[in-house]
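Atoms within each ligand, like the ligands themselves, are counted from 1 in listed order.
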Amino acid sequence: MLLSPTAKRPSVRPRVLSVIGARPEIIQAAPVSAALAAVADEVLVHTGQHYDAAMSGQQILATRLPRPAHNLGIGSRPREQQLKLGEERLLQVIARERPDVVLVRGDTNATLSGARAAVAAGVPLVHVEAGLRSFRADMPEEHNRVETDRIADVLCAPCRGARDNLRSERVEGAVHVTGDPLCDALELWRPHVEGEQGEYLLATVHRNYNTDDPLRLQAVLHCLARSPWPVVLPLHPRTRAALAAWGIELPATVRAIDPVPYPRMLALERGARVIATDSGGVQREAYLWGVPCVTLREETEWTDTVATGWNTLAGIDPDQFEAALRRPPPTSRPSVFGDGRAAHRIADLTVALAAAAAEIRRPPA
Ligand code: UD1
Ligand code: UDP
């Protein structure tokens with residue numbers, strides 16, 4: 001699908017089927033939904049990949065995302081089943097809703113189900129948060145984003161590095177640097193986030209390779225135990241299940257709490273001395289707040305956070321972790337995730353794609 005940014009706008013509002021499934025998709029969907037509301041009719045579909053109230057329902061309320069029109073109830077399943085069932089159920093919704101465009105975001109199984117369903121139904125596809133790469137084959141997310149990027153018609157890269165990855169892969173779709181809707185979300189909330197700086201380290205852990213191996217999970221906790229400040233750990237359900245399955249106890253200085261609603265998370269981030277995480281979203285938010293971050297991974301997709309000196313890759317080595325905690329923060333923090341208006345660009349590109357598709361479908365006069 002060729003897309004000109006100047007494609008004529010359709011005379012009727014296009015119908016956009018927008019897919020969410022996991023916590024970060026809900027949070028990033030909120031500003032995009034608000035921007036789409038001005039120019040299109042959005043049908044929000046939740047695959048149900050995340051279903052705990054703290055991961056889904058409470059996040060939808062807290063972020064003021066409209067209530068999804070459909071919840072497909074996919075739940076927790078092995079990856080292939082989640083992908084297949086997601087695609088099948090999304091195809092049924094597409095048949096009923098007849099959207100002009102499908103929009104997926106990020107790199108979850110919901111993302112790839114949505115992308116595959118769009119292609120199977122012949123509906124043009126927008127991928128938001130396109131072009132990120134970890135170059136790690138043992139991450140399901142890497143497979144999800146590479147395949148989604150190969151089949152998307154419009155690819156919204158959150159930063160220039162993501163665009164460069166897409167260029168070097170020679171993807172067929174049209175690539176645009178839009179900025180990161182997660183940055184939009186944070187900027188919307190920034191004036192309302194209250195609280196002083198505290199003497200604590202905020203941590204989150206949920207990557208498959210950090211939680212599925214008990215030795216690695218233990219090593220992550222050994223890192224956190226080196227913090228000179230008490231550790232607050234909003235515990236992802238995957239990690240809670242892994243700790244219980246392996247019978248692993250948390251260090252005495254680590255306080256696990258339930259996952260918190262997004263505005264509360266922003267306050268915890270802003271007030272932290274340091275953030276330690278393996279989350280993609282939390283690494284970017286640490287950067288946006290100007291809070292030093294230590295990433296409990298050997299690599300990151302969000303390389304700008306490392307290149308600017310605000311994020312240190314410590315892997316799961318306690319000595320490296322401790323050294324990273326002592327590293328003084330840089331003096332400057334360039335804007336790398338956009339200007340807080342990514343959602344508007346994404347909405348405009350989505351409408352333009354619908355217009356271009358309608359033009360192609362129109363019979364010759
Ligand atoms: C998923 C995404 C990951 C994203 C993360 C955000 C994939 C492959 N992974 O990982 O990219 O960073 O969401 O948080 O799509 N569980 C619950 N309740 C829930 C959801 C999950 O108990 O509401 C537990 C279940 O034991 C489940 C496990 O967490 O098996 C993993 O959930 P899943 O959605 O498969 O992957 P995440 O690790 O959450
Ligand atoms: N988050 C939240 N509550 C929590 C932990 C995280 O609202 O208890 C938010 C966080 O602020 C960020 C998003 O969840 O916006 C990141 O999602 P997650 O870490 O689950 O996934 P990832 O970004 O790694 O895909």
Side-chain angles (χ1 to χ4, degrees), residues 19-31 46-63 71 73-83 86 104-114 129 132 134 138-145 148 158 180-186 188-189 193 202-212 232-245 256-270 272 275 277-289 291 295-297 300-302:
V19 180
I20 56 173
R23 172 170 65 189
E25 294 167 291
I26 293 169
I27 292 165
Q28 297 184 31
H46 193 330
T47 67
Q49 178 173 338
H50 282 182
Y51 46 85
D52 285 357
M55 300 297 286
S56 176
Q58 286 171 8
Q59 292 287 15
I60 291 172
L61 284 177
T63 55
N71 188 317
I74 300 299
S76 300
R77 295 165 191 274
R79 171 176 158 78
E80 288 309 322
Q81 278 183 31
Q82 222 170 33
L83 287 171
V104 298
R105 43 184 55 90
D107 52 19
T108 69
N109 292 344
T111 312
L112 184 54
S113 297
E129 203 189 287
L132 279 309
S134 66
D138 62 348
M139 283 184 81
E141 293 87 352
E142 186 74 357
H143 298 274
N144 293 345
R145 52 197 169 216
T148 303
D180 183 356
L182 198 67
C183 172
D184 295 23
L186 187 144
L188 281 171
W189 282 96
V193 174
L202 177 69
T204 76
V205 180
H206 76 279
R207 287 268 82 80
N208 65 321
Y209 56 80
N210 276 342
T211 54
D212 292 356
V232 178
L233 176 69
L235 200 53
H236 192 286
R238 177 187 199 109
T239 316
R240 187 178 287 283
L243 290 168
I257 58 174
D258 286 337
V260 293
Y262 175 63
R264 174 77 190 126
M265 184 66 181
L266 291 179
L268 284 172
E269 288 172 352
R270 199 188 75 153
I275 292 175
T277 190
D278 59 12
S279 155
V282 177
Q283 285 175 68
R284 276 124 82 204
E285 287 165 353
Y287 185 83
L288 292 165
W289 285 123
V291 175
T295 291
L296 294 154
R297 298 175 53 182
T300 179
E301 302 80 16
W302 302 97

Looking at I27, which atoms of ligand 2 are within less than 4.0 Å of one of its heavy atoms? 7 (O), 9 (C), 13 (C), 14 (O), 15 (O)

For atom 8 (C) of ligand 1, the closest protein heavy atom turns out to be N109 OD1, 3.3 Å

At under 4.0 Å between heavy atoms, is it the side chain or the backbone of V260 that contacts ligand 2, or both, or neither? both

Is a donor on one side and an acceptor on the other found under 3.5 Å between the side chain of T300 and the backbone of W302? yes

Distance-only, no hydrogens or angles: does the Q59 side chain make a donor-acceptor pair with backbone N or O of Y262 under 3.5 Å? yes

Within a strict 4.5 Å, meaning less than it, do heavy atoms of the E25 and H50 side chains meet? no

When you measure from the side chain of Q82 to the backbone of P78, do you find a donor-acceptor pair of N or O atoms at a distance under 3.5 Å? no

Keeping the roles fixed (side chain from T148, backbone from R145), state whether a donor-acceptor pair exists under 3.5 Å. no

Mind checking whether R207 has a heavy atom under 4.0 Å from ligand 1? yes

Looking at ligand 2, would R207 count as a contact under a 4.0 Å heavy-atom criterion? yes

Quick one: does R23's side chain get under 4.5 Å of M265's, heavy atoms only? no

Separation between OG1 (T47) and CG (N109), nearest 0.5 Å, reads 8.5 Å

I want to confirm something. Looking only at heavy atoms, which of Q49, E142, E25 is nearest to atom 35 (O) of ligand 1? Q49

Quick check on contacts: which atoms of ligand 1 are under 4.0 angstrom from a heavy atom of A22? 13 (O)

Provide the number and element of each atom of ligand 1 under 4.0 Å from a heavy atom of D107. 11 (O)

Can you tell which part of S279 has a heavy atom less than 4.0 Å from ligand 2: side chain, backbone, both or neither? both

Identity and separation of the nearest protein heavy atom to atom 24 (O) of ligand 2: G280 N, 2.9 Å

Identify which of M265, E129, H206, R264 has a heavy atom lying nearest to atom 1 (N) of ligand 2. M265

With side chains defined as the heavy atoms from C-beta onward, is the minimum distance between D258 and D52 less than 4.5 Å? no

Atoms in ligand 2 with a heavy atom of P259 nearer than 4.0 Å: 8 (O)

Report yes if D258 has an N/O atom closer than 3.5 Å to an N/O atom of ligand 2; otherwise report no. no

Considering only heavy atoms of P234, which atoms of ligand 2 have at least one such atom less than 4.0 Å away? 8 (O)

Say you draw a straight line from CD1 of I275 to CD of E285; how long is it, rounded to the nearest 0.5 Å? 8.0 Å

Ignoring hydrogens and geometry beyond distance, is a side-chain donor-acceptor pair present between S134 and E141 at under 3.5 Å? no

If you scan protein heavy atoms around atom 11 (O) of ligand 2, the nearest is E285 OE1, 2.7 Å

P140, P237, G75, G57: member with heavy atom nearest to atom 22 (O) of ligand 1: P237

In the protein, what heavy atom is nearest to atom 5 (C) of ligand 2, and what distance, to one decimal place, separates them? R23 NH1, 3.2 Å

So, T239 side chain and V205 main chain: donor-acceptor pair closer than 3.5 Å or not? yes

Mode of E269 contact toward ligand 2 - side chain, backbone, both, neither (heavy atoms, under 4.0 Å): side chain

Residue of the set D107, L83, V104 for which side-chain contact (heavy atoms from CB on, under 4.5 Å) holds with L112: L83

Check each heavy atom of S56 against ligand 1 and say whether those closer than 4.0 Å belong to the side chain, the backbone, both or neither. neither

Exercise: do T277 and T204 side chains pair donor with acceptor under 3.5 Å: yes

The protein heavy atom nearest to atom 17 (C) of ligand 1 is Y51 OH, 3.2 Å

closest protein heavy atom to atom 25 (O) of ligand 2 is P24 CG, 3.5 Å

What's the shortest distance from atom 23 (O) of ligand 2 to any protein heavy atom, and which residue and atom give it? G281 N, 2.8 Å

Closest heavy-atom approach to atom 39 (O) of ligand 1 among H50, H206, R238 is made by H50

Heavy-atom proximity to atom 9 (N) of ligand 1 ranks first, among R77, E141, H236, for E141

How far is atom 7 (O) of ligand 2 from its nearest protein heavy atom, and which residue and atom is that? Q59 NE2, 3.0 Å

Please work out which of the three classes, parallel, tilted or perpendicular, describes the rings of H236 and H206, given edges at 30° and 60°. parallel

Any protein heavy atom < 4.0 Å from atom 26 (O) of ligand 1: no

Out of G21, A110, P24, who is nearest to atom 6 (C) of ligand 1 when you count heavy atoms only? P24

Between the side chains of R238 and N210, is a donor N or O closer than 3.5 angstrom to an acceptor N or O? no

Counting N and O atoms only, with roles assigned by atom type, does the side chain of E301 sit under 3.5 Å from a partner on the main chain of L132, one being a donor and the other an acceptor? no

